[in-house]
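Sequence lines set the chain letters: A, B, ... in the order given, protein chains first and strands last, and positions in each chain run from 1.
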2 protein chains.
Amino acid sequence: MPRKTINREDVLKKMGAHVLEHGLNTASLRPLAKAAETSDRMLIYHFGSKEALIAELLQFLARNMALELDKALPPEPAPDLNACLRDIVALLRSPAFAPFMRVWLDIVSSAAQGSISHSVIGGAMIEGFFQWLQGRLPDDTPDPETTVRAMMALIEGVVVLDAVGQSDAADRAIAHLFPI
Amino acid sequence: MPRKTINREDVLKKMGAHVLEHGLNTASLRPLAKAAETSDRMLIYHFGSKEALIAELLQFLARNMALELDKALPPEPAPDLNACLRDIVALLRSPAFAPFMRVWLDIVSSAAQGSISHSVIGGAMIEGFFQWLQGRLPDDTPDPETTVRAMMALIEGVVVLDAVGQSDAADRAIAHLFPI
DNA sequence: ACCATAATGTAGCGACCGCTACAATAGAAA
DNA sequence: TTTCTATTGTAGCGGTCGCTACATTATGGT
């Protein structure tokens, strides 16, 4: 094995940062390579194809986002359901997570267009979020599996409404479905 | 004014059909022109730029979807709130409306990436939906403005969850937040 | 020391992108 | 009928796309 093999993790990290800043669906090899301080030639060499690269990059971003979520909100039961939901919505709306939400909507739209890989990783991210969320529900929450799915649906709705400038409507929806 | 001027409505209709079938964000001038039985040259001539064309096409699609919604679900108060929500979700999930939902998610992701025009038309579509929905609420619904926003958030969440293969979770969310 | 081979750079392929310069055409106005 | 101009076709520009052919390098195994 001559020459040093590339630091895959480092390349993924730099490409991930580029995608978080500039978007997923508009990302192309040459800008990605520049961000990772390499060449499109090498990206194809190491990942096989753009499709495989994007799939691996999405896995990487999903792992990273999960880590960030754990860091921002440690797995402790919330005092009550409404506080739980509000904290999470505030977190996802924060500048630290807004880029993830943009990439998330890119994944969703690609999945809706029929991309299997985007649908698979998107579904896995949702299921991971279910678990993450369940660990933060108040201890006495009845039917936690269903509760996290209800909260998740509302959260996704909020993300969509935020994206088209309807944050006020999203706030009213939260207040109505999860009154303080 | 020599020669016949193009039938703008007909061109929009054909391009709209193409976008509903093949996606919005991946649409480019030459395939759009082919669908409309004209040339990219003429599309630019009549619409000024691709950006202006897409903006007008989105207005057209929004109008059309509003018409289709009215046709599918006439403005009569529903017997109860849960039936109202379930009918609407079933409608948006039907084959007739699934293509609109795909385009909708394309609009949302572009809006999230910072496209002003997508955000504006997306917000307008949501507000139109608020009105449409309010006309179908049961007569005795308290605080209809807030209710439609809550239903809208849930509906958008369902659309997102459906897109990534989490329709089961979406169903459970509906059953939990709007129990029969 | 030498060699096999993994890693990399350079250059470019063919396809597509949005858009435009230029010329031709056709029909209304005179 | 002639002229003027809105409309259209043809061809192509400069750019980007994913990807590859080919040559070169550098290093670990022998």
D/dA6 OP1/OP2 closer than 4.0 Å to side-chain N/O of B/His46: no
5′-ward residue of the pair B/Leu29/A/Arg30 relative to DNA chain C: A/Arg30
Short side-chain N/O contact to D/dT16 OP1/OP2 from A/Ser28, under 4.0 Å: no
Cation over ring face, B/Arg8 and B/Phe60, 6.0 Å, 45°: no
Neighbour count >12 (heavy atoms, 6.0 Å) for atom CD, A/Gln131: no
Touch class at under 4.0 angstrom, heavy-atom based, for A/Thr38 against every strand present: nothing
From CA spacing to verdict: salt bridge (Lys or Arg N to Asp or Glu O under 4.0 Å), A/Asp171, A/Arg86: CA-CA 10 Å; A/Asp171 290 336; A/Arg86 278 151 215 278; over 6 Å; no
Whole angstrom value for the distance that separates P of C/dG12 from CD1 of A/Ile44: 20 Å
Selected nucleotide, minimal atom distance to A/Arg41 side chain, candidates D/dC17, C/dG9, D/dG9: C/dG9
Integer-rounded Å distance: C/dT10 P and A/Met42 CE: 12 Å
Value in whole Å for how far the P atom of C/dC13 lies from CG of A/Asp40: 15 Å
Length of the CG-P vector between A/Leu53 and D/dC19, whole Å: 10 Å
Whole-Å gap separating C1' (C/dC16) and NE2 (B/His22): 16 Å
Whole-Å distance separating the CG atom of A/Leu43 from the C1' atom of D/dC17: 14 Å
Which residue lies more 5' along DNA chain D, comparing B/Ser39 with A/Lys50 via nearest heavy atoms: B/Ser39
Other residues, nucleotides, ligands: >12 heavy atoms within 6.0 Å of B/Glu51 CD: no
Given DNA chain C, 5'-ward residue of the pair B/Ser49 and A/Tyr45, judged by closest heavy atom: A/Tyr45
